[in-house]
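Residue numbers begin at 1 in each chain, while the letters A, B, ... track the order of the sequences. The model shown is predicted, which means the values in this text are computed figures rather than measured ones.
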Protein chains: 2
Amino acid sequence: MLKLSKLTDYAAVIMAQIARDPEQAHTATELAGQVNLPHPTVGKTLKMLARSGLLESRRGSHGGYVLSRSPAEITASDIIAAIEGPIGMTECSHADGECDLLDTCGVADNWQRVSQAVRTLLECVTLAHLAQSSPLKLPVQLPIQSVTLPSSIGAVREH
Amino acid sequence: MLKLSKLTDYAAVIMAQIARDPEQAHTATELAGQVNLPHPTVGKTLKMLARSGLLESRRGSHGGYVLSRSPAEITASDIIAAIEGPIGMTECSHADGECDLLDTCGVADNWQRVSQAVRTLLECVTLAHLAQSSPLKLPVQLPIQSVTLPSSIGAVREH
DNA sequence: CCATATAGGACCATTTTAGTCCTCTTTACA
DNA sequence: TGTAAAGAGGACTAAAATGGTCCTATATGG
């Protein structure tokens, strides 16, 4: 399914909620109410977002969370990475994890390119985009740095 | 992580293996050897691929699997969908599954656009691309049908 | 009829994920 | 200076997804 985890999903919703009122600090309790999720879960999500630097937290009474950057400077990729770790479609997408099939694999290079393209795509989507509830329709060409095309085998399919 | 499941990964490797010798029928046993994975697992993967129409199977002795279409006509999206089901980053990406947060969510529309973009990207990558072991470097602009840009809030980030 | 294949599904072990809870620390303010 | 409100961090459990194996049935060629 190539699905985001629920927590990541929550994170996006919560971040969007905060982005719509970026001046004030928001408490977990308050956000839980607005977003209709249990308080402990929202709390956990907020902590993860704060730990990876997307939110700044203030403790104590009158505490809460604020965005650490403007909504246009926080990307979907940032949010996903905050909850799920580095984005990559295969085990071998990030340098360190050695895959024991590497020699017989034969598709690793190209999967990595695809991964990179997905990453780039997600870096182009900002929290500002996500938070906007009724978006204008302005199709744009996104700067995907593409998969390589082996001229000998196939052509890009048309759509 | 936005990761493919292991089975999907295997599927890609296996499909690529078949694509490199598309004339002959390949048995599970043979492929398991080439790809260095246990036979039952390879068998299971092949069955799934056959059931969703990417492979054609011949039973009995001298049986095995062949591609049902040319490598240029089988996409990464097809392979992923064969193992994991329809591609979508959120629960609400496919029409039927109703999400109980829809009213308080506020990001559903835009996630669906992002999902669509990822899907389009994966439809542009063919098995021919994946199977190619040492690909040429030909950057192309992929026809991603883009996320909408709310003019009032943010601009696309530069990369 | 027998050896070789796939089809289909049951089954279990392991891992991942979701969700809760507890204790500690920080802060504002009466 | 005490107290209430907030977050930090981590332990823990239950549930779900995943990976992997195996068994029986069916098809096919020789």
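At whole-Å resolution of the value, CG in B/Asp9 and P in D/dT18 are 14 Å apart. The distance from atom CD of B/Glu91 to atom C1' of D/dA17 is 13 Å, rounded to the nearest whole Å. Between the CD1 atom of B/Ile14 and the C1' atom of D/dG20 there is a distance of 13 Å, rounded to whole Å. Rounding to whole angstrom units, CG of residue A/Leu37 and P of C/dG19 are separated by 8 Å. Per the geometry, CD belonging to A/Glu84 stands 15 Å off P belonging to D/dA17, to the nearest Å. A/His39 has its NE2 atom 11 Å from the P atom of D/dA8, to the nearest Å. Distance, B/Ile83 CD1 to D/dA17 P: 17 Å, rounded to whole Å. Put simply, CG on A/Asn36 is 13 Å from P on C/dG19, counting in whole angstrom units.
Looking at residues 22-32 of chain A, you'll see A/His26, A/Thr27, A/Ala28 sit with a heavy atom under 4.0 Å from some atom of DNA chain D.
A sub-4.0 Å separation between OP1 or OP2 of C/dT20 and a side-chain N or O of A/Thr41 is present. The side chain of B/Tyr10 contributes no N or O atom lying less than 4.0 Å from OP1 or OP2 of D/dT18.
With sequence neighbours excluded, no residue satisfies salt bridge (Lys or Arg N to Asp or Glu O under 4.0 Å) with A/Lys44. Contacts of B/Ala19 classified as side chain to side chain contact (heavy atoms under 4.5 Å, CB included), with partners at least two apart in sequence or in another chain: B/Leu67, B/Pro71, B/Leu127, B/Ala131. With sequence neighbours left out, the side chain to side chain contact (heavy atoms under 4.5 Å, CB included) criterion links A/Ala81 to no other residue. Evaluation of the side chain to side chain contact (heavy atoms under 4.5 Å, CB included) rule for B/Ser52 yields B/Ala82 as partners, not counting sequence neighbours. With sequence neighbours excluded, no residue forms a side-chain hydrogen bond (donor to acceptor under 3.5 Å, both in side chains) with B/Thr41. B/Ala12 meets the side chain to side chain contact (heavy atoms under 4.5 Å, CB included) test with A/Trp111; sequence neighbours excluded. Remark: B/Ser5 engages B/Thr8 in a side-chain hydrogen bond (donor to acceptor under 3.5 Å, both in side chains) (not counting sequence neighbours).
Residue contacts for A/Gly43: at a heavy-atom cut-off of 4.0 Å it reaches no nucleic acid atom on any strand shown.
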Counting only pairs under 3.5 Å, give me each side-chain donor-acceptor contact of residues 53-64 of chain B, with atom names and distances, residues two or more places apart or in other chains.
none

Donor-acceptor contacts, no H, no angles, side chain residues 31-39 of chain A, under 3.5 Å, sequence neighbours left out:
from: A/Gln34; atom 1: OE1; to: A/Gln17; atom 2: NE2; distance (Å): 3.4

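Without hydrogens or angle criteria, B/His26 side chain to B/Asp21 main chain gives a donor-acceptor distance under 3.5 Å. Between the side chain of A/Asp78 and the backbone N or O of A/Thr75, at least one donor-acceptor pair lies under 3.5 Å.
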Heavy-atom protein contacts under 4.0 Å, nucleotides 21-30 of chain C, coded B base, S sugar-phosphate only, - none = ----BBBBS-

Identify all pairs in which a protein N or O lies below 3.5 Å from an N or O of nucleotides 13-17 of chain C, and state each distance.
none

